[in-house]
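Heads up, the thing below is written out as structure tokens.
Bear in mind that the values here come from a model prediction, so they are computed numbers and not experimental data.
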Amino acid sequence: MKLIVLKSFAISLIALSLWSCKKDGTLTTATEGTGGALKSSTSAVVLDKSMLTTNVVTLTFTNADFGYQAAVTNVLQISTKGSNFIATKTKEVPLEPKSLTISYNGLDFNNLLLSLNLPTTANSDVELRIKSSISGSVAPTYSNVLTMSAKPFPLTSWIYVPGNYQGWNPATADSLVSVTGNGVYTGIIKFDGSNFKITPAKKWDIAYGANGGGSLSTSGGDISSVSAGLKLLTVDLNANVYTLENAKVWAIIGSATPGDWSADTDMKFINDGNGMWKLTTNLTVGEMKFRQDHDWGVNLGGSGGNLSAGGDNIPVTTAGNYTITLNTTTNKYTLVKN
């Protein structure tokens, strides 16, 4: 009887051992990984404003190999040459899943180069590679490094609006901004109801005036602002036309402001393409809010630099002269005591 039991026990151990071996054989373990191969359609890119919508570079690559089939997350890294891709000098661009190619037009690639603070007056060498990952527990792997010579152009450009509202002085005139450098300029200016002109630089060498029907000409006359107040001015120097319309105004109001809760104190729009309004004024201890067009229909309040529609009154705990900014793009504000 003992012999039979021992044999049975031995057979069970063998079976268990075989089952365990089979199970272990099906386990999949990620390897250290081998980076993919990166190629570029060009080794040099010199950009200008005529290339905004033109394809200027296409990158293709193969997926990294981690030893088994897995979902790979790829990120394009671009850095200044010799910086060893340290975080402070590297821009990362997440790539579409399963996509093994990325193409850039002039506008997007120019923005990428400008984000590295490259000079716009000379060529610079940049390095590109693909960072591939499958999970946080497995070290990422990297493709080969490509070196590219590149020269971005200054994207944002301005023109100027001298007129009666500021003494006809181009050097101190308000500006209009073209964020993409495409020849279309916009801005909000507080006119006095009188006339103005458009100058490409802060001098009178070239000046555009009214040529009838909203058109502009360098031989045109003064342009009328029609009435006093904030105006949204758009100038298209590609077609030499302009439009002028009433603009919405942002102001502060409240017990801490010069007008208390009964009168708004208007802010000035900064024509830099960032949606920023600014005001320097005296504030007393109290509260304030931002509102649009001197009406409670649109008002912003909050705390800690963050704003929301209809939010709480903003406290002012110390009296003094303040520089106040309002960013209507990000719904952020600052109160800086001067």
Which atom of Trp261 lies closest to which atom of Trp296, heavy atoms considered:
CZ3-CH2, 3.7 Å
State which residue, out of Asp192, Asn195, Asp222, fulfils the side chain to side chain donor-acceptor pair (under 3.5 Å) condition with Asn164.
Asp192
Determine whether a donor-acceptor pair (N or O, by modelled atom type, separation under 3.5 Å) exists between the side chain of Asn327 and the backbone of Thr329.
yes
Does a donor on one side chain and an acceptor on the other come within less than 3.5 Å for Thr325 and Thr334?
yes
So, does Asn271 use its side chain to make a donor-acceptor pair with the main chain of Ser175 at under 3.5 Å?
yes
Is there a donor-acceptor pair closer than 3.5 Å between any side-chain N or O of Asn110 and the backbone N or O of Leu155?
no
On a heavy-atom basis, the closest approach of Leu244 and Ser224 is CD2-O, 3.6 Å
Please confirm whether the backbone N or O of Trp168 pairs with a side-chain atom of Gln166, one donor and one acceptor, at under 3.5 Å?
yes
Donor-acceptor pair, side chain of Thr90 and main chain of Ala87, under 3.5 angstrom:
no
Classify the side-chain pair Asn238/Asn182 by whether it contains a donor and acceptor separated by less than 3.5 Å.
no
Pairing residues for Lys268 by the salt bridge (charged side-chain N to carboxylate O under 4.0 Å, His left out) criterion, not counting sequence neighbours:
Asp174
Short side-chain donor-acceptor distance under 3.5 Å, Ser135 and Ser137
yes
Under the side chain to side chain contact (heavy atoms under 4.5 Å, CB included) rule, what do Leu47 and Val56 come out as? Steps first, then yes or no, please.
CA-CA 8 Å; Leu47 298 166; Val56 294; 3.8 Å; yes
For the backbone of Gly35 and the side chain of Thr141, can you confirm whether one donor and one acceptor N or O come within less than 3.5 Å of each other?
yes
Provide the closest heavy-atom pair for Tyr242 versus Ser215 in the form atom of the first, atom of the second, distance.
CE2-O, 4.0 Å
Polar contact flag, side-chain donor to acceptor under 3.5 angstrom, Thr147-Asp125
no
Nearest heavy-atom neighbours spanning Lys197 and Tyr208:
CB-O, 3.5 Å
Main-chain N/O of Val184 paired with Ser178 side-chain donor or acceptor, under 3.5 Å
yes
Take Val336 and Tyr322 through the test side chain to side chain contact (heavy atoms under 4.5 Å, CB included) and record every step on the way to the result.
CA-CA 5 Å; Val336 179; Tyr322 284 81; 5.8 Å; no
Taking salt bridge (charged side-chain N to carboxylate O under 4.0 Å, His left out) as the definition, give me every residue that meets it alongside Lys248, ordered by chain and number, with sequence neighbours left out.
Asp293
Do Asn74 and Ser132 have side-chain atoms, one donor and one acceptor, less than 3.5 Å apart?
yes
Can I get a per-line list of side-chain donor-acceptor pairs under 3.5 Å for residues 226-234, giving both atom names and the distance, sequence neighbours left out?
from, atom 1, to, atom 2, distance (Å)
Ser227, OG, Lys231, NZ, 2.7
Lys231, NZ, Asn246, OD1, 2.7

What pair of heavy atoms forms the shortest contact from Ser194 to Ser225, and how long is it?
O-OG, 2.6 Å
Assess the side chains of Ser103 and Thr58: does a donor N or O sit below 3.5 Å from an acceptor N or O?
yes
Main chain of Tyr185, side chain of Trp158: is a donor-acceptor contact present, judged purely on distance under 3.5 Å?
no
Regarding Asn123 and Lys151, is there a side-chain donor-to-acceptor distance under 3.5 Å anywhere?
no
Checking the side chain of Ser79 only, and the main-chain atoms of Lys89 only, is there a donor and an acceptor separated by less than 3.5 Å?
yes
Would you list the pairs meeting side-chain hydrogen bond (donor to acceptor under 3.5 Å, both in side chains) in which at least one residue belongs to residues 275-287, sequence neighbours left out?
Thr280-Thr323, Asn282-Asn321, Glu287-Asn313
Do Glu127 and Thr80 have side-chain N/O donor and acceptor atoms under 3.5 Å apart?
no
Can you name the residues that form a salt bridge (charged side-chain N to carboxylate O under 4.0 Å, His left out) with Lys203, not counting sequence neighbours?
Asp205
Linked hydrophobic residues, Val145 as query - side chain contacts closer than 4.5 Å
Phe85
Can you see which heavy atom on Ile324 is nearest to which on Met267, and at what distance?
O-CE, 3.5 Å
Check whether Thr120 reaches the backbone of Phe153 with its side chain - one donor and one acceptor, N or O, closer than 3.5 Å.
no
Say whether Ser262 and Asp260, considering side chains only, have a donor N or O and an acceptor N or O under 3.5 Å apart.
no
More than 12 heavy atoms from other groups under 6.0 Å of CG on Asp312:
no
